[in-house]
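Here is the structure we will look at, set down as structure tokens.
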Amino acid sequence: MSVSVALFTADLRIHDNPVLRAALDGADEVVPLFVLDQGVRAAGFDVPNRRAFLADSLADLDAALRERGGRLVVRSGDVAEETCAVAAGCGARQVHVAGDVSGYAQVREERLRRRLASDGRELYVHDTVVTALPPGEVTPQGRDHFAVFTPYFRRWAAVRHRPVLEPPRRVRVPEGTGSAALPSRSEVSGVSPGLARGGESVGRARFESWRKGPMKAYADRHDDLPADATSRLSPHLHFGTLSPVELVRRARRTGGAGADAFVRQLAWRDFHHQVLAARPHASWEDYRARGDRWRHDEDEIAAWREGRTGYPLVDAAMRQLLHEGWMHNRARLLTASFLTKTLYTDWRVGARHFLGLLVDGDVANNQLNWQWVAGTGNDTRPNRVLNPLTQARRFDPDGDYVRRWVPELAGVEGASVHRPWKLPSRERARLDYPGPLVDLAEGADRFLRARGR
Ligand code: FAD
């Protein structure tokens, strides 16, 4: 009997999974393995919201494998050590894993390759698992990556993506392969109260209802904050409970302006991955240094984190993050601009806070989006400052998003909720809500002067 190991990482699914497919095709029996990586904890990436979503996703993956005669084998510790021990225990000659671009994943892959090779075993790394297009697949002439999205997207959109793989009918796991208990969401403390549930089944159901309904209006409504009209599939893409290739292909087959706009956003995800693959240091260092001498005011930072800046749209967004472990993209853009430009605070402060809460938080998308907003990344307009009042007029014109997330302002009607300082003094005095933390024009001026504008 030949045996191989399918090492699950950011691909917690049985549908369209090249890692699982290759492991099954290459052997009679397969060990579907997940290692609860203690290194992730040490690196500070093991945060409650993602740990809870991971627990849901592993339970769902285990159930799907059991339906096919298999089960998930879980170990805890160092990924290279544990994988080698499992491979040795079941006599597997091959281990299959998804390629990933973060510095952490690259080091893990290299250690795993070396440890397996020293035991006479082979590591197979599969692409088009974590991203729809592998980093480096399309490049501009003479350069290792695209620094601007539009030309990247033109090339990305012209590529023919591989066919979607069917889930396996049967999975045979060698007897006697021991497993630790699956982690459970109920064991995780400090989870945001409104955190979404994880798992491939939930993700597939969400994609189906999205594809058949709201996706049609996505091109027009994706920035409408109260409508909440985006897919909310980002945590599923982060954990790989949904396949990006499958989403691209099925959205395209559905067709229409909404599908086109949705596919374009999926390309943004790949874009940031290819930047990070080529510039791993961009995870914490400026991609394009602008000579910033950032300010650091702990009180201001605390007010931003807790949603007490006195700018209702900013505060609503920051409270959504605390409550759901997720935030709308328009709100991410605004809150990041407010921190890095209006308050002129280092983007790393904000990126760290987001990574501590976001259920979809990942190095490529979070860090490079932060850099994009801060003007140290790939934005072609690096000194643009988003004004919360203008953003409110455009994306929350009646104030419904603010009233949803800032209960102190729930009784203020219409658009006046965006300027509580302008309310009649008696009404203003009744509100337990702070005044503006900074003057918007002064903040913007300070930033532009610092950037030499
Ligand atoms: P939809 O609008 O439905 O888009 C579909 C998918 O496209 C998303 O699920 C996501 O995978 C991808 N996508 C959309 N916009 C972007 C983008 N700008 N960059 C990369 N991929 C995108 N996204 C993350 O997945 N993880 C993060 O840690 C993250 N941090 C961010 C931090 C900041 C400061 C900003 C401005 C954006 C960040 N984003 C991040 C990108 C984006 O905000 C989220 O992907 C999006 O809000 C997720 O919601 P959705 O699934 O409803 O998106």
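Counting starts at 1 for both ligands and their atoms, following the listed order. Along the sequence shown, residues carry numbers from 1.
To the nearest 0.5 Å, atoms CZ (F271) and OH (Y152) are separated by 8.5 Å. To the nearest 0.5 Å, atoms CD (E413) and CZ (R403) are separated by 7.5 Å.
The single protein non-hydrogen atom nearest to atom 2 (O) of ligand 1 is Y218 OH, 2.5 Å, given as residue, atom name and distance. For atom 33 (C) of ligand 1, the closest non-hydrogen atom of the protein is N369 CB, 3.5 Å. Residue, atom and distance of the protein heavy atom nearest to atom 12 (C) of ligand 1 are Q265 O, 3.5 Å. Atom 20 (C) of ligand 1 has N365 OD1, 3.2 Å as its closest protein atom, hydrogens excluded (heavy atom only). In terms of protein heavy-atom proximity, atom 27 (C) of ligand 1 is nearest to D360 OD1, 3.4 Å. For atom 40 (C) of ligand 1, the closest non-hydrogen atom of the protein is R332 NH1, 3.3 Å. Looking only at protein heavy atoms, the nearest one to atom 3 (O) of ligand 1 is S231 OG, 2.6 Å. Closest to atom 49 (O) of ligand 1 among all protein heavy atoms lies W326 CZ2, 3.3 Å.
Contacts of N366 with ligand 1, taken as heavy-atom pairs under 4.0 Å, involve both backbone and side chain. Under 4.0 angstrom from ligand 1, the non-hydrogen atoms of L358 all belong to its side chain. Neither the backbone nor the side chain of H238 comes within 4.0 Å of ligand 1, counting heavy atoms alone.
Under the 4.0 angstrom criterion for non-hydrogen atoms, R232 is in contact with ligand 1. Put simply, no part of H236 is less than 4.0 Å from ligand 1, judged by heavy atoms. Heavy atoms of W210 stay at 4.0 angstrom or farther from ligand 1.
In this structure the side chain of Q367 never reaches within 4.5 angstrom of the side chain of L276, judged on heavy atoms. Counting only heavy atoms from C-beta outward, the side chains of L237 and D360 never approach each other to under 4.5 Å. Annotation: side chain of R21 is not in contact with side chain of H126 (no heavy-atom distance under 4.5 Å). By the 4.5 Å heavy-atom criterion applied to side chains, E300 and V438 are counted as neighbours. You'll find the side chain of E81 reaches within 4.5 Å of the side chain of R111, heavy atoms only.
Atoms of ligand 1 found under 4.0 Å from any heavy atom of L266, numbered from 1 in the order shown, are 6 (C), 7 (O). Close approach of ligand 1 to L237 is summarised as follows: ligand atoms under 4.0 Å from at least one heavy atom of the residue are 9 (O), 11 (O). Listed by number with element, the atoms of ligand 1 under 4.0 Å from a non-hydrogen atom of M327 are 47 (O). For ligand 1, the atoms lying closer than 4.0 Å to a non-hydrogen atom of S234 are 9 (O), 25 (O), 48 (C), 49 (O), 51 (O). Those atoms of ligand 1 that come under 4.0 Å of a heavy atom in H272, given as number and element, are 19 (N), 20 (C). Atoms of ligand 1 found under 4.0 Å from any heavy atom of L333, numbered from 1 in the order shown, are 36 (C). Atoms of ligand 1 found under 4.0 Å from any heavy atom of F262, numbered from 1 in the order shown, are 5 (C). Close contacts of ligand 1 with L233, meaning ligand atoms under 4.0 Å from a residue heavy atom, involve 9 (O), 51 (O).
Taking the six-membered ring for Trp, W304 and H353 have ring centres closer than 6.0 Å. Between H236 and F53, the ring centre distance stays below 6.0 Å. Aromatic pair F34/F8: ring centres not closer than 6.0 Å.
Among L339, D223, T230, the residue whose heavy atom lies nearest to atom 52 (O) of ligand 1 is T230.
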Residue pair D286, W347: steps toward the side chain to side chain donor-acceptor pair (under 3.5 Å) verdict: CA-CA 9 Å; D286 290 347; W347 62 267; 2.8 Å; yes
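Both tests pass for R330 against the ring of F395: distance under 6.0 Å to the centre and angle within 45° of the axis. Note that R352 lies outside the cation-pi zone of W370, set by a 6.0 Å cut-off to the ring centre and a 45° limit from the axis.
Between W370 and ligand 1, no N or O atom pair is found at a separation short of 3.5 Å.
Ion pairing between a basic and an acidic side chain is recognised when a charged N comes within 4.0 Å of a carboxylate O; D260 and R264 show no such pairing.
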